[in-house]
Amino acid sequence: MSSNPDNGPAVSRREFDELFEAVRTWGRWPAPGRGAWNRVTADHVRAAASLVRTGTVVPMGRPWDTRPGPDNTRPALHHMSDLGDVEPPEPSAYKDFLGADYHGKSVTHLDALSHLAYRGLLYDGRDARGSVGAGGARFGSVQELGPLVTRGVLLDLPAVLGVDWLEPGRAVHAADVTAAERALGVTLGDGDAVLLRSGRFRRRRELGPWDCGAASAGWHVDAVPLLGERGVCLLGADGDSDVRPSPVEGVHSPVHTLAITAMGVPLLDNLDLEALSAACAGAGRHAFLLVATPLNVPGGTGSPVNPVAVM
């Protein structure tokens, strides 16, 4: 349990378990492997499409990162597999290989519901050992999720607070959500994808990389009940949503646990939200059409992804 004053208040394991039970949505959905994505109906998609004004498309995926560093201990792979010298001469073909151990702090990716278990159980109370094996996930795979099209909302905390970025270890609380809603003129609602900008990648560009597994800005667990009450279907961030160090005794990723395992809310990790921040400021609004299309991987616990916002 951390003594970092910015990531608190500290939460005991008993308090965390009570919170887990309070926000749990097990047994709610007809397609439990899709969790909170069941919230998104055709009406939600049409309403989100009506937000498109200029047609500006803003990607949020980071460049494929093959360079090792303190925030990229498992670099992605990219190499050429054909330099025009493998097949018959005309036309010459150029091909490459991609590979990634993407559940980390560098690759932009989606966490599916099979990614995380708590006390041996996945979302909806499914036994983790019986549901995930060497062949992949038999429940809660990224294939079950499919694509998501819904309203996205950017909670741009540095813009609200008048700072360049949130310092690593700074927790974002429920009170920060309501303050951001007032400042940005937006209210979180049912079926929304909520994106939290801490300014991580601006800080990284100006000050260099750091071990964001040890210290990063993100949600405190006290914000999760409010997010659940609003009916959000997806949480995304330019970190991995969790404030680090964790304020919860014995739980290293408490917001992951509450979102994925208790509420069935997938996560988008390592988004680059700098261009979206500028686009929202320029448009004078922080709600937009969001499209996230993970790879169709049978049994996958997630997927690299390049989500886009359409303004």
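Just so you know, these numbers come straight off a predicted model, no measurement behind them. Below, all heavy atoms of this structure are taken into account, side chains as well, without hydrogens, waters or symmetry copies.
At least one donor-acceptor pair under 3.5 Å links the side chain of Asn72 to the backbone N or O of Arg67. Using a distance-only test at 3.5 Å, with no hydrogens or angles considered, no donor-acceptor pair links the side chain of Ser92 to the main chain of Pro89. Judged by distance alone, the side chain of Arg285 and the main-chain N or O of Val186 form no donor-acceptor pair under 3.5 Å. In terms of modelled atom types and a separation under 3.5 Å, the side chain of His220 and the main chain of Pro9 share a donor-acceptor contact. No donor-acceptor pair closer than 3.5 Å links the side chain of His78 to the backbone N or O of Trp64. Judged purely by atom type and a 3.5 angstrom limit, Asp17 has no side-chain atom pairing as donor or acceptor with the backbone of Arg14. A distance-only check finds no donor-acceptor pair linking the side chain of Arg151 to the backbone of Ala287 [under 3.5 Å]. Distance alone, capped at 3.5 Å, is enough to place a donor-acceptor pair between the Thr41 side chain and the Asp43 backbone. Put simply, the side chain of Tyr123 never gets that close to the backbone of Phe139: no donor and acceptor are under 3.5 Å apart. In this structure a side-chain-to-backbone donor-acceptor pair under 3.5 Å is missing from Gln143 to Gly300.
Leu267 is connected to Met263 through a chain of hydrophobic side-chain contacts under 4.5 Å among Ile, Leu, Val, Met, Phe, Trp and Tyr, so both are in one cluster. Trp165 and Met60 fall into different hydrophobic clusters, where Ile, Leu, Val, Met, Phe, Trp and Tyr side chains are chained together by heavy-atom contacts under 4.5 Å. Both Val160 and Leu226 belong to a single network of hydrophobic side chains, linked directly or stepwise wherever heavy atoms of I, L, V, M, F, W or Y lie under 4.5 Å apart. Leu51 and Val153 are assigned to two separate hydrophobic clusters, defined by single-linkage of ILVMFWY side chains at heavy-atom distances under 4.5 Å. Both Leu235 and Leu116 belong to a common hydrophobic cluster when Ile, Leu, Val, Met, Phe, Trp and Tyr are linked at side-chain heavy-atom distances under 4.5 angstrom.
Between Asp156 and Leu276, the closest side-chain pair of non-hydrogen atoms is not below 4.5 Å. Put simply, the side chain of Thr108 does not reach to within 4.5 Å of the side chain of Pro304, judged on heavy atoms. Between Val291 and Leu148 the shortest side-chain heavy-atom distance does not fall below 4.5 Å. With contacts defined as side-chain heavy-atom distances shorter than 4.5 Å, the pair Pro307/Leu268 qualifies. With a 4.5 Å cut-off on side-chain heavy atoms, Leu19 and Val221 count as touching. In this structure, the side chains of Glu144 and Val142 stay at 4.5 Å or more apart for every pair of heavy atoms. Between Glu18 and Arg13, every side-chain heavy-atom pair lies at or beyond the 4.5 Å cut-off. Here the side chains of Asp242 and Ser253 are in contact, with some heavy-atom distance below 4.5 Å.
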Review point. Given the rule in the side chain to side chain contact (heavy atoms under 4.5 Å, CB included) test, do Ser198 and Glu167 qualify, once you have shown the distances and angles that lead to the verdict?
Key: CA-CA 8 Å; Ser198 72; Glu167 285 296 335; over 6 Å; no

**Study point:** Stepwise side-chain hydrogen bond (donor to acceptor under 3.5 Å, both in side chains) check, His44 with Asp190
**Key:** CA-CA 9 Å; His44 288 89; Asp190 183 66; 2.9 Å; yes

Point to revise | Residues Asp124, Arg126; criterion salt bridge (charged side-chain N to carboxylate O under 4.0 Å, His left out); working and verdict | key: CA-CA 6 Å; Asp124 211 45; Arg126 305 300 177 101; 3.6 Å; yes

Check your understanding: After noting the C-alpha distance and the side-chain angles of Leu234 and Val194, does the key distance pass the side chain to side chain contact (heavy atoms under 4.5 Å, CB included) rule?
Key -> CA-CA 6 Å; Leu234 174 71; Val194 178; over 6 Å; no

Check your understanding: Would His103 and Asp101 count as a side-chain hydrogen bond (donor to acceptor under 3.5 Å, both in side chains) if you check the C-alpha gap in whole Å, the side-chain angles of each, and the deciding distance to 0.1 Å?
Key -> CA-CA 6 Å; His103 283 299; Asp101 187 356; over 6 Å; no

Exercise for review: Any chance you could lay out the side-chain hydrogen bond (donor to acceptor under 3.5 Å, both in side chains) test for His256 and Asp240, step after step, and finish with the verdict?
Suggested key: CA-CA 8 Å; His256 270 66; Asp240 67 359; 4.7 Å; no

Practice item. Decide side chain to side chain contact (heavy atoms under 4.5 Å, CB included) for Val265 and Arg39; before the verdict, give the C-alpha distance in whole Å, the side-chain angles of both, and the deciding distance to 0.1 Å. Key: CA-CA 10 Å; Val265 174; Arg39 294 184 182 276; over 6 Å; no

Check your understanding: Which is it for Asp96 and His79 under the side-chain hydrogen bond (donor to acceptor under 3.5 Å, both in side chains) test, yes or no, and what are the steps along the way?
Key -> CA-CA 6 Å; Asp96 50 356; His79 65 253; over 6 Å; no

Exercise for review: Kindly determine whether Leu196 and Leu157 satisfy side chain to side chain contact (heavy atoms under 4.5 Å, CB included), including the steps that lead there.
Suggested key: CA-CA 7 Å; Leu196 175 65; Leu157 264 293; 3.5 Å; yes

Exercise for review: For the pair Lys95 and Glu87, evaluate salt bridge (charged side-chain N to carboxylate O under 4.0 Å, His left out) and give the outcome as yes or no after the intermediate values.
Suggested key: CA-CA 11 Å; Lys95 304 174 186 176; Glu87 299 181 23; 2.2 Å; yes

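Closest of all the heavy-atom pairs between Asn306 and Gly61 is OD1-N, 2.8 Å. Closest heavy-atom contact between Ala100 and Val107: CB-CG2, 4.5 Å. Across Trp219 and Val177, no two heavy atoms sit closer than the pair CZ3-CG2, 3.4 Å. Residues Leu295 and Ser303 approach most closely at N-OG, 2.8 Å, considering heavy atoms. Nearest heavy-atom pair across Asp222 and Val172 is OD1-O, 4.4 Å. Here the closest heavy-atom approach between residue Gly199 and residue Pro158 is recorded as N-CG, 4.0 Å.
When each of Arg244, Arg204, Arg62 is tested with Asp71 by the rule salt bridge (Lys or Arg N to Asp or Glu O under 4.0 Å), just one qualifies, namely Arg204. Residue Tyr102 is tested with Asn270, Thr301, Leu110 for a side-chain contact (heavy atoms from CB on, under 4.5 Å); the sole match is Thr301. Evaluated for a side-chain contact (heavy atoms from CB on, under 4.5 Å) with Phe288, the options Val58, Thr56, Leu195 yield exactly one hit, Leu195. The residue from Arg200, Arg197, Arg202 that alone fulfils the salt bridge (Lys or Arg N to Asp or Glu O under 4.0 Å) condition with Glu274 is Arg197.
The OG atom of Ser241 sits 8.5 Å away from atom CD1 of Ile260, with the distance rounded to the nearest 0.5 Å. Within the model, atoms CG of Leu154 and SG of Cys280 stand 5.0 Å from one another, a figure rounded to the nearest 0.5 Å. In this structure, the separation between OG on Ser216 and CG on Leu166 is 10.5 Å, given to the nearest 0.5 Å. Rounding to the nearest 0.5 Å places OG1 of Thr150 at 8.5 Å from CG of Leu289. Residue Leu273 holds its CG atom at 5.0 Å from CG of Asp238, rounded to the nearest 0.5 Å.
Aromatic ring orientation, Tyr118 versus Phe20: tilted (interplanar angle from 30° to 60°).
Within the cation-pi definition used here (under 6.0 Å to the ring centroid, within 45° of the axis), Arg203 qualifies as a partner of Trp210.
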